[in-house]
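Below is one structure, written out as structure tokens; the observations come after it.
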Amino acid sequence: MVVIDPPQQSLKLLRDALNYNSSDPAEDENIEVLAYVASLASSLAIVQNFDSTTWVDSLAPYMSSMSLPAVASTDEAIEKFRGLWEEAALSADEEDSDEEDEFGGEELCNIRFSLAYGGKILLHQTKLRLRRGHRYALVGTNGAGKTTLMTAINNGKLEGWPFHLRTEYVDSGSNVDPVYEAKIVCKHLMDSTDQSREKCMVILNQLKFTETMIDGTIGELSGGWQMKLRLAKAVLIDADILLMDEPTNHLDHGTVDWLIDYLNNLTDTTVICVSHDTPFLEKITTDVIHYEQRAVWGPHRKLVRYRGKMSAFVEKQPQAKHYFELSTTDLKFVFPDPGRLDGIRTSTQKFLEMENVDYKYPGAEKNTLNGVNLKMSLSSRVAVLGANGAGKTTLIKMIVGETQPSNMGACRLNIHHNLRIAYVSQHAFFHVEQHLEDAPAAYIQWRFKHGYDEEKINSEAFKITPEEQEAIDEFQLEDIWSRRLRAGVLEYEVKKKHVPERDNKYYSKDELLSMRFAQLLKQTDEKIAAKEAGLDIRPVTVTEIQKHLDDFGLTQEFGTYGKIRGLSGGQKVKLVLAAAMWNCPHLLVLDEPTNYLDREALGALSAALNEWGGSVLMISHAKEFYSSVCKEEWLVGDGIVKVTGASEERKMKAVSKKKKYEKELEGEEVLEHVGGNVNANGDKYKDATTNFWGKTVSKKEARAYEKAKKKGDVAGMRKILQVPMGKVMPGYDELGDGKAK
């Protein structure tokens, strides 16, 4: 007789359920069945399956053959066995009990719950025990469900949560709410905390808010000052539990130090904090709550508490040392090489120059920036540093073209006309979150379906104003068809309404600007730069987009089959970064890139930036990160920009102007590819790139033209190219004039 060697824990629980003694003679008769049933039960427990019906269906066929004198029925025995196993499994995560904690404190909650988001189980039958006055670091990888747990606690949505506890949630500020941003700072603070103006003013003054800020709207504050406002609200609310999601986002070093002192002096408030700023967590935490996965728990995670600071946690879990290191193991980002810039032959040749540039906000009494002198090349790796509100983002917005110097004519701002810029701003989530029900791949498809960045063209920085539209209508301008560089001067081919194509006229950039066509020129330059990157021929298929998302650590599970609504903050950053890099930019501008990314992702980002052939400009308060990439620093303060350090010359990593993409075959094309019937008409007619009026054909039109071409459908091809009856399109003589039958 062959007896299976069962897990001893499972065998012991089965004996207890059947009231067997080791000396019971019945055990010898049933030993083979006992061993097999114990092994089956162990398999069910490992995957956390404690469904009564499943246990009966799985075990009853074997246990029914046993002699069970001590129990009423087989089903009763199985139910008792299942109950013992479930109790044992649930107590497996009790090893970290804080009963002996030297810093005890009143117990606020001691609950067991499961947590899911959409169809994904984040935590299964895990324990959460919180004590008053403790400061817990909530630690886990991007996508583990940290923010989901914080939100559930704040909303009282956890099973068994004590509803008498008052919580206050300081969110990361990733969402942009126009209604919220229209509120007056001080009045909002008074209304949301039920405190007097005097009390509100004390904390606002402590955080160094100016009178202008206090009486202004929230939307006028920079990201750092908005975070300070959320912290001020938290201070004024006497909460039992303070929930903080990335509280150091956008904060300068002085404010971070203030926050550390404030949190460490709390005695009656419990803090739960999510942050990827490990040095900050090391200074404030008394305990670490870790999202952990163990084989005995099956496929789902549980929360495990470790007493002590982050360093003590890493000593107990050496595999978590990446929380203190800016390195990566398996995760890798791959950035596309930038295309060539006309006239730029080396990585040190300047593509941007600023001389004596000033900037003053409309209605402001004094300049935010004065006499700025800067330059950039493809070798530039620059960190923009300074206190909150010093003007860092203001400087960035001038460089990316969202604003113009206030002393135009008296300064010099020269930016290469074909420069492609990827700008990941503080509020980059705002645009992504307009597509919450779409998959990340579908979002990129929508954004670049016309061969250029639709989102950018429709943004406030590029949108044509009513005044400009009036000037366009008055001039009867139909469109700008092309651009050329002649004798060092940019000229644009203008098509006017009711004027034949042969009478198109070229105007210099200065002439068109004097006609008030500034935004139209920006749109034209952006579309031409996108075409230079090959976006007009790059397929926007899900397959091509998912390949791109894979390069940024967003797997098919999330990129193609998931929805943006289900992404964590870190995953949204990966999506925003991937979308920004779709057009193969020459300059990547990052405003607080360390927000939301875990340490492994930051390590991957640092490695990718150092390998990439383009220029990098970033605002960051995380010295460990920016110093790993940037050797040049722009210090912004008191309206002045001071340059320290210097970027090192880098290898020129430019690729050809347009990249070639393999065409994805579909339907009959696959048959033709493997030797089926080939329609020779495919080689008889030219491909479609622009229509009769000079406009680039859309991807949909190009596909329709391709099908018509294979069928030899001349009428269909003429219709797609919008060739008027009786006209022959230059270069497409084979399509005729449309009159022949």
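Positions are given from 1, in the same order as the sequence printed here.
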Starting from the C-alpha separation in whole Å, work towards a yes-or-no answer on salt bridge (Lys or Arg N to Asp or Glu O under 4.0 Å) for Arg483 and Asp525.
-> CA-CA 8 Å; Arg483 186 188 66 194; Asp525 288 340; 2.8 Å; yes
Salt-bridge contact [X]-[Y] (side-chain N to carboxylate O under 4.0 Å):
X	Y	answer
Arg538	Glu544	yes
Lys375	Glu353	no
Arg703	Glu706	no

Does Tyr507 have its ring centroid less than 6.0 Å away from the ring centroid of Phe517?
-> no
side-chain contact (heavy atoms from CB on, under 4.5 Å) between Thr524 and Lys527, worked out = CA-CA 5 Å; Thr524 301; Lys527 290 176 181 179; 5.9 Å; no
Under 3.5 Å, side chain of [X] to main-chain N/O of [Y], donor-acceptor pair present?
X	Y	answer
Asn407	Asp358	yes
Ser347	Lys651	no
Ser380	Val382	no
Glu454	Lys449	no
Gln523	Leu520	no
Lys392	Leu385	no
Asp479	Trp481	no
Glu648	Arg381	no
Ser406	Lys360	yes
Lys719	Val714	no

With sequence neighbours excluded, residues passing salt bridge (Lys or Arg N to Asp or Glu O under 4.0 Å) with Glu526 | Lys456
Set of salt bridge (Lys or Arg N to Asp or Glu O under 4.0 Å) partners for Lys397, sequence neighbours left out | none
Please assess Arg447 against Glu455 for the test salt bridge (Lys or Arg N to Asp or Glu O under 4.0 Å), listing each intermediate value before the final yes or no.
-> CA-CA 6 Å; Arg447 185 167 165 178; Glu455 188 173 274; 3.3 Å; yes
What distance do Lys495 atom NZ and Gln476 atom CD have between them, rounded to the nearest 0.5 Å?
-> 10.5 Å
Nearest-0.5 Å distance that lies between atom NZ in Lys700 and atom NE2 in His450 | 10.5 Å
Provide the full list of ring-ring contact (aromatic ring centres under 6.0 Å, His included) pairs with a residue in residues 355-398, sequence neighbours left out, each pair given once.
-> Tyr359-Tyr361
